[in-house]
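Read through the structure below, which is laid out as structure tokens, and then see the notes.
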Amino acid sequence: MLQFKLVLLGDSSVGKSSIVYRFVKDSFDEFRESTIGAAFLSQTITLEENNQVIKFEIWDTAGQERYKSLAPMYYRNANAALVVYDVTAPDSLMKAKSWIEELKKKVGNEELVICLVGNKVDICEEDDTKRKIEFEEAKDWANDENLLFYEVSAKTGYNVKEVFQKIGEQLYEYKKAEQANKGTQDNSNITSNIRLQEPQASNPTSCC
Amino acid sequence: MREGDMQGYVEPSAIRMKVSKSFDDDSSLSKNNSNVTSGDFDSGVGMNTRKNQVASQNITMNNPIYSMKAKFGIRSPSVPNFQDSLYSGNNNSTPILNNSRRFDPGINKNESNNMDTRKYWKENADVDSAKETPIDNNKTHDDPAMSVIDLYNDDDGYSRNNRSSMGHQLEDYHLESDDEEDEDSENNHESSEMLAAVSNAEFLPKSITLNRKELNTEHCDRYGFKKKNNYVSEETYNAWWEDYSGYCIRRKHKWLLLLQKSGLPVHNDIPVRFPPHSEKLKRYVRKGIPAEWRGNAWWYFARGQEKLNKNKDVYSNLLLKMGNLEDETQKGKIQDLDVIERDLNRTFPDNIHFQKEAFSTKEPVMIKSLRRVLVAFSLYNTKIGYCQSMNFLAGLLLLFMDEEKTFWMLVIITSRYLPGVHNVNLEGVNIDQGVLLLCIREYLPELWTEIESSYNGYTKNTPNNSANSKNLFLLKLPPITLCTASWFMSCFIGVLPIETTLRIWDCMFYEDSHFLFKASLAIFKICEPDLLKGKPSHRSFSQYSLTNTKQHRSNACQDDYDMQMFQVIQTFPKTIIDPNDIFEKVIFKRRLQLNRLDQNEIDKCRKYVAVQRQKHKNYDDIIGKLGNTSPFDEKSDEQNLHGGKFIDNSINILGKDLKMTSEMVNEALSSEVYDFKRGFSGVNWNNSIKERVKHMRKKK
């Protein structure tokens, strides 16, 4: 089994917790209590191609701007980040972009898998005028930035599993490459779950 | 709904209603009535709840014995009825209330609360009676049988218990007569009272049983929260409540006697003054303030009135200001408003008082009040503005007191009990987490060993050039604090089950903020066995010279353990449904070291951590410039806001003497360790660096 740390970031009420709950408990509540600080959850998936089990250690965070000062605690040693925005709220994509910038700057890990996720597409399906951020717009930006990208709905469950599946695959690829580099060619020997991430670039202040 | 929400800021009626939020018996009653009259057909939980409220209200009105019992906390699902009328005079809202009554009886019905219960109830009954359905008439008008149903509805277990095992109950009294000699004599009195109540219960007409079943679909506790959640089943809840409601009754009786002895009046079952601080009162508070008195007791112990008297009209002026925001286009520019708006419906979504009525698009009054309190606060204290978690603090307060008091209590909590915790930079959170870690190290050394080794594993790869000190964990907080930060930010709301949370709030207002740390340690103490269960067998982190594979294995092991630890810390508290688990197993055990923790210690500790953190930041600043390694977080300056008062900024001046300073700081960071109860070295050290700075300046 491989174990990875995944952190959720994004503006408040874009649906971070809802996505996690859909993924972990396959449930949804219209009104979910605001997350204070952070919530910890874990969930395993299996990559079908190679029967590899992957365990996600998920840190769900509070979205309000000021919680950003605690964020380095969350993403320290993270292997993957899910940066969420709300397709019906234009500001939220801006926030997501700034999160991604911060991640790239502060985490300093080439292999950090970042996935940009636009949530609440169910609302647009009902009424397309509600959509404020076009799929292509976000997709293009994500491509430029070399990120994974999905539109999802925590409410209907649309694409939620796929996001984690994709992240899992990507992490596994990195992992395999790393093993190869180390000369341990035999992949069946992966018994450990080393943190993929190297120490963050000497940035002693990133703690808070 | 968004638009409607926004209107809340400005609607004159909204401002008029400022009083409202905490309904008392009357308003809840009227709410019921209005609900019925408006022809809602909801037959679900909400409706039953309301029915119960009506009926239990009725009990209180008509039958002194029932009234007593109902007030003892058996009444189900509690309306936020714990309202006092006494301070209403100071509430600017009174005249406003009158206005709203005159112009908008509907609003009044739902929202006014600061009135004498009985009188108001009657008025409302009159107004509404014409429209009431027969069933409700039945309930609202003296039908003792119905009332009794409601009385026991919430905890039929309790009544069963009473009927069948009086002897057992009496035994309990003796066990519980904990305290002291003088309380023993109270037992007789109490038990005879109980007996009276019980015998009454025994002569209930048979029809009641049926009705009771019908009403028993009740899924909410006395505060309106759902009994069931992911961690506690309704059965578990009911089983616990069966005992605990009896406990509440007994405690309340003792409180009544205590107040009587102290010569303090209890009008309408609502005392407004409490005895002066004493060991005995502390014990009473620790054993729980009667739920319906909490609003007043908290207000009293936190010296809310003092604050309000000094700030008369402030709240109503803020509401006016809020109303004016509408016209100003800057409204949109106030970031907090948006965040507040998004959190309103995410505050206790499981509590009936925060939910929309079925088939109604009208925003619940509770939500409107919450908005006003939070927006007013963000206007009042711009340094804090709005911080997520304050919605829960305010929301809980609103269940126990009116809006204006809620506002001031929020002011008091965020300044006195949790200084800096909600500030923009959240530095107060980090400081309190540092303090908590020091406390764990001091009082729960075994657990500390685990946290520390997990932490060492965690930071082993991080370049420690910044501070090779024993205090590193204060600066770069260990991941466990990701879980515990919310304990402080929301004062355990959502962390512990509600009744347990409220017991801690009782003590917080009486004993001050150190109780939050004590409670945290108590939680750790009782989940310690779970926490230590899965610890990796070998864990010396001096072993990094070992071969790669071994290192990996031990890392894997550590990772698993860490995750398990997070899981326990996050879920275990949610299962502590019985507050007495914390109190009896830990807080009341005098021999436990952690009970030595007092306010003084916490105050010192907070200062110490603040200073340490600031020094670290300054040090990083310097080192950053020195080695050009990493630009210091641009936010740092603004982040100094909070710590500022504790901090000696003189280090900053030292830019030119970088090398020397960094040596100094490094030396100090690694040598200085906080000692509990052994004086406070931080300040002294700080002074010494001041001296050296002066010295260096002179030289130049």
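A note on names: the letters A, B, ... follow the listed sequences, proteins ahead of strands, and every chain is numbered from 1.
- Among the candidates B:D343, B:L426, B:T481, B:D350, the residue making the largest number of heavy-atom pairs closer than 4.5 Å to chain A is B:L426.
- Residue B:Q570 touches chain A through its side chain alone, counting heavy-atom pairs closer than 4.5 Å.
- Heavy-atom neighbours of A:K104 NZ from other residues, nucleotides or ligands within 6.0 Å: above the threshold of 12.
- Your options are B:C483, B:S389, B:A485, and the one with the most heavy-atom pairs under 4.5 Å with chain A is B:S389.
- A donor-acceptor contact under 3.5 angstrom links the side chains of B:T347 and B:N391, judged on distance only.
- By the neighbour-count criterion of 12 heavy atoms within 6.0 Å, atom CG of A:N51 is sparsely surrounded, having that number or fewer from other residues, nucleotides or ligands.
- Salt-bridge check for A:K95 with A:D91: failed, with every basic side-chain N at 4.0 Å or more from each acidic carboxylate O.
- Residues A:K155 and A:E30 are paired through a salt bridge, judged by an N-O separation under 4.0 Å between the basic side chain and the carboxylate.
- For B:Y386, the parts lying near chain A are the backbone and the side chain together; criterion is any non-hydrogen pair under 4.5 Å.
- Of the atoms belonging to A:T35, it is backbone heavy atoms, and not side-chain ones, that fall under 4.5 Å from chain B.
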